[in-house]
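A, B, ... follow the sequence lines: proteins, then strands. Residue 1 opens every chain.
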Amino acid sequence: MTRSFALIDGNSFYCSCERVFDPKLKGRPVIVLSNNDGCAVARTAEAKALGIRMGAPMFSIRELCRREGVVVFSSNYTLYGDMSRRMNTVYQSFASDIEVYSIDESFLDFTPVAPERREELGRDLRSTVSAWTGVPTCVGIGPTKTLAKLANRIAKSTPQLRGICDLTSDEAQREWLPLVALEDVWGIGRASQAKLGAFGCETAADVAALDPKLARKTLTVVGERIIHELRGQPCIDLEAVAPTRKGCAVTRSFAGRVETLEMMQEAIAAHATRLGEKLRRHGLATDHVTVFFHTSPFNKGPSRSVSTTVDFPEASNDTLVLVRAAKWGARRIWKPGYAYAKAGLMTVDIVPLENSQRALMGGLDREKSGRLMAALDACNQRHGRGVVFPAAAGIARQRKAWVTKFEMRSPRYTTRLDEVPVVGRA
DNA sequence: TCTGGGGTCCTAGGACCC
DNA sequence: TCTGGGGTCCTAGGACCC
């Protein structure tokens, strides 16, 4: 049977979430900033019209924002994550198989829907999401995921389509593919664009017409897949069940600069605490952790980038184990005389804690560790992240220097009782 | 002064083995 | 100076995604 996929995503998603809870923002330029209030990661159409680019550093647009009355928010992931969950709940009544692709994008399996009914169902989907969550969306439909993505791009940039584009038919593909630029094809980034440009490719239609074997030589199997997908031959299936994740990382830029080992170890210990929380939430563990830190690539002055991996005797997700290893690693690669801008912890090869290999010696009392960590997590979940942390982490004294900035964050409207919007009271 | 964070997949090349 | 032909596994780095 010919497959069919629908891709739905939120328009300027983070900005739209802010607008849902503050209707005064309607029609105004709004942007949402990355961690540390560093750069713009979401912009409404009004903000784009002012020339604010994706990823524009805040210091370079601060004056423009002030002059033009742009409303600026720090990112509020608690709010966006919850809105995303609500949207996916709506999708469940439109398709039995759904792949949550990112915080604001999901693929729906439209294969069982008759071709002539797909566009209508897409419209219904959009209006239901809008009515139930307040978030505006666009829908793209196609016989492969790549074509559904492409259709979504077309819907976004073509107002007369009113938010939906269906590339099910060959005629529709013939009509639209020549109008889509190379870089708007899913999977074609800067490097591939340059290579394909050398072959004279300018549009999605040009890519679809390439010889797949030639594409494989220059763009590996990834490029070959893109061509088949653009021709309507599915190579990438829907993943209704999320595969278990392979790695886990906690990395942050500092609000200021870190120049002492004590401060670096505080920051690293805080990251280790987060890493432990993330692993435990998924029932996963790791037997090593990689510590890294580096100076800013943008600054002049001495630069340094280092990393080291610390192995454990056995897999663990105990915060005390992680903090100890991370601080030890940080000390091992520490060198003074640099203004460090960012630090992080990474692990690959994470495994389920249950049935992971035990150490012959130097192992941990897992039962005790599990109880302690469960108590820690329960307390922090109830009273806010970071309320309780191990004394070994030593977080407190100097945190102002490294703690991430969120100076313009909106309330957590949907997930904290004391922050829900109040109607009809002065 | 101020420039995000967290993932996945693919390939090439080296180490090692028989 | 001559000195094979495979395998596998691991890692680093590139590219891409949101």
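When the nucleotides B/dG6, B/dG5, B/dT3 are ranked by their closest atom to the side chain of A/Ser253, B/dG5 comes out on top. The nucleotide whose nearest atom lies closest to any side-chain atom of A/Asp104 is, among B/dG7, B/dT3, C/dC18, C/dC18. In this structure, of C/dC18, B/dG5, B/dT11, it is C/dC18 that holds the atom nearest to the side chain of A/Tyr101. Of the candidate nucleotides C/dC18, B/dG6, B/dC2, B/dC2 has the atom nearest to the side chain of A/Arg62.
The side chain of A/Ser34 contributes no N or O atom lying less than 4.0 Å from OP1 or OP2 of B/dG5. In terms of phosphate contacts, A/Asn299 brings a side-chain nitrogen or oxygen within less than 4.0 Å of OP1 or OP2 of B/dC2. A sub-4.0 Å separation between OP1 or OP2 of C/dC18 and a side-chain N or O of A/Lys149 is present. Taking 4.0 angstrom as the limit, A/Arg245 places none of its side-chain polar atoms (N or O) nearer than this to OP1 or OP2 of B/dG6. Between A/Arg225 and B/dC9 there is no side-chain N or O to OP1 or OP2 distance below 4.0 Å. Between A/Arg257 and B/dT3 there is a side-chain polar atom (N or O) within less than 4.0 angstrom of OP1 or OP2.
Shown for residues 183-198 of chain A: no residue has heavy atoms falling under 4.0 angstrom of DNA chain B.
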Query raised in the report: Under a 3.5 Å cutoff on both atom distances, Watson-Crick or G-U, what's the dot-bracket for DNA chain B ([ ] crossing, | other strand)?
Result: ....||||||||||||||
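Here the side chain of A/Asp206 pairs a donor or acceptor atom with the backbone of A/Thr203 at under 3.5 angstrom. Between the side chain of A/Asp166 and the backbone N or O of A/Gly140 there is no donor-acceptor pair closer than 3.5 Å. In this structure, A/Arg19 contributes its side chain and A/Val30 its backbone to no donor-acceptor pair below 3.5 Å.
Residue A/Asp37 is out of contact with every strand shown, counting any heavy-atom pair closer than 4.0 Å.
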